[in-house]
Amino acid sequence: MSENVFELHDVEVSYGGRSVLHVPYLAVSRGEVLTLLGENGSGKTTLLRLLGLLVRPLRGRVIFGGEEVDFGSSRRLLELRRRMAGVMQEALLCRMNVRRNVSLGLRFRGLPKAETEGRVTAWLERLSIAHLGERPASNLSGGEAQRTSLARAMVLKPEVLFLDEPFAVLDAPTRQSLLQEFKDVLADSGVTAVFATHDRGEAIGLGGRVAVLVRGGVA
């Protein structure tokens, strides 16, 4: 098994004929937390989408788990994406209660009911939202919604977790509390994580390695 989950070699992404991302080389080690730090428009989200195999590069090689990704094979791309999960800036929860939201991915994958319930309960308890299990997602606070999003991602046992500005719309006390909680979860689980933020304090607080993006390039 490769010690690097991802490797990018001379990768370029272009939109409408304009280059928006160029990465000569980037490696993400198994189990590490990599923070992408940059202003809006610097290329953070594009790089996350590239690593998530949602964007096809104009040129270059993307290697995931030791395998060069074939962007022309939709079936293989889907198989690889199923090994990943994400938490976005907005929780994007479905119109159902917390427990059903957290179980959604497992139900789509056809896991047995007993295993699904066990995993969901464990993560609701781990993120201190077990008491919210029957609450409609529409009645959650911002912090509760992001805890639910993290539980929904982690219950899948992903190989890689992407976090795209997950605290950007939260107030300062909630943001600080969740940052520490997310940091603890990542450390305990050992999952490889790529975290995008424009906030230097968040980048430092989360720990791990920091890659600075400026105008589509990685410094």
Quick one: which residue pairs count as a ring pair (Phe, Tyr, Trp, His ring centres under 6.0 Å) with a foot in residues 81-113, not counting sequence neighbours? none

Do H9 and V62 have side chains that approach each other closer than 4.5 Å (heavy atoms only, starting at C-beta)? no

If you define the side chain from C-beta out and look only at heavy atoms, does anything of Y25 sit under 4.5 Å from L8? no

Is E202 salt-bridged to R175, going by a charged N under 4.0 Å from an acidic O? yes

For a 4.5 angstrom cut-off between non-hydrogen side-chain atoms, does R107 reach K113? no

Has the side chain of E144 got a donor or acceptor atom that lies under 3.5 Å from a matching backbone atom of S141? yes

If I compare all heavy atoms of M84 with all of G52, which pair ends up nearest, and what's the gap? SD-CA, 3.7 Å

So, do P166 and M88 sit near enough that their side-chain heavy atoms are less than 4.5 Å apart? no

Smallest heavy-atom separation, G143 atom then T174 atom, equals CA-CG2, 3.8 Å

Roughly how far, to the nearest 0.5 Å, is CG of L213 from CG of L47? 6.0 Å

Between E115 and R119, does any NZ, NE, NH1 or NH2 come within less than 4.0 Å of an OD or OE carboxylate oxygen? yes

Any donor-acceptor pair under 3.5 Å linking the side chain of R152 with the backbone of S103? no

Is there a donor-acceptor contact under 3.5 Å from the side chain of S73 to the main chain of D70? no

Polar side-chain atom of T35 near backbone of V210 as donor-acceptor pair, under 3.5 Å: no

Measure the shortest side-chain to side-chain distance between R30 and E159 over non-hydrogen atoms and say whether it is less than 4.5 angstrom. yes

Geometric class of the F162/F6 ring pair [parallel <30°, tilted 30-60°, perpendicular >60°]: tilted

Could you tell me which non-hydrogen atom of Q89 sits nearest to which non-hydrogen atom of A168, and how far apart they are? CD-CB, 3.7 Å

Return the minimal non-hydrogen interatomic distance between V191 and L161, and the atom names on each side. CG2-N, 4.1 Å

Any residue meeting ring-ring contact (aromatic ring centres under 6.0 Å, His included) with F71, in chain and number order, not counting sequence neighbours: none

Please assess K44 against E39 for the test salt bridge (Lys or Arg N to Asp or Glu O under 4.0 Å), listing each intermediate value before the final yes or no. CA-CA 8 Å; K44 302 187 304 297; E39 300 298 326; over 6 Å; no

Heavy-atom nearest pair, W123 first then V155, reads CD1-CA, 3.8 Å

I'd like to know if R76 and E79 make a salt bridge, using a cut-off of under 4.0 Å between side-chain N and carboxylate O. yes

For the pair E7 and R61, find out whether any cationic side-chain nitrogen is under 4.0 Å from an anionic carboxylate oxygen. no

Any non-hydrogen side-chain atom of V5 less than 4.5 Å from a side-chain atom of S29? no

Applied to residues 10-19, the side-chain hydrogen bond (donor to acceptor under 3.5 Å, both in side chains) test, sequence neighbours excluded, yields D10-H22, D10-R59, E12-S19, E12-R59

Answer yes or no: is there an ion pair linking D164 with R49, defined by an N-O contact shorter than 4.0 Å? no

Looking at V102, L93, N101, which one forms a side-chain contact (heavy atoms from CB on, under 4.5 Å) with S149? L93

How about T197 and L36: do any of their side-chain heavy atoms sit closer than 4.5 Å? no

Minimum heavy-atom distance between V87 and A153, given as atom pair plus value: CG2-CB, 4.2 Å

Can you confirm whether E134 sits close enough to V98 that some side-chain heavy atom of one is under 4.5 Å from a side-chain heavy atom of the other? no

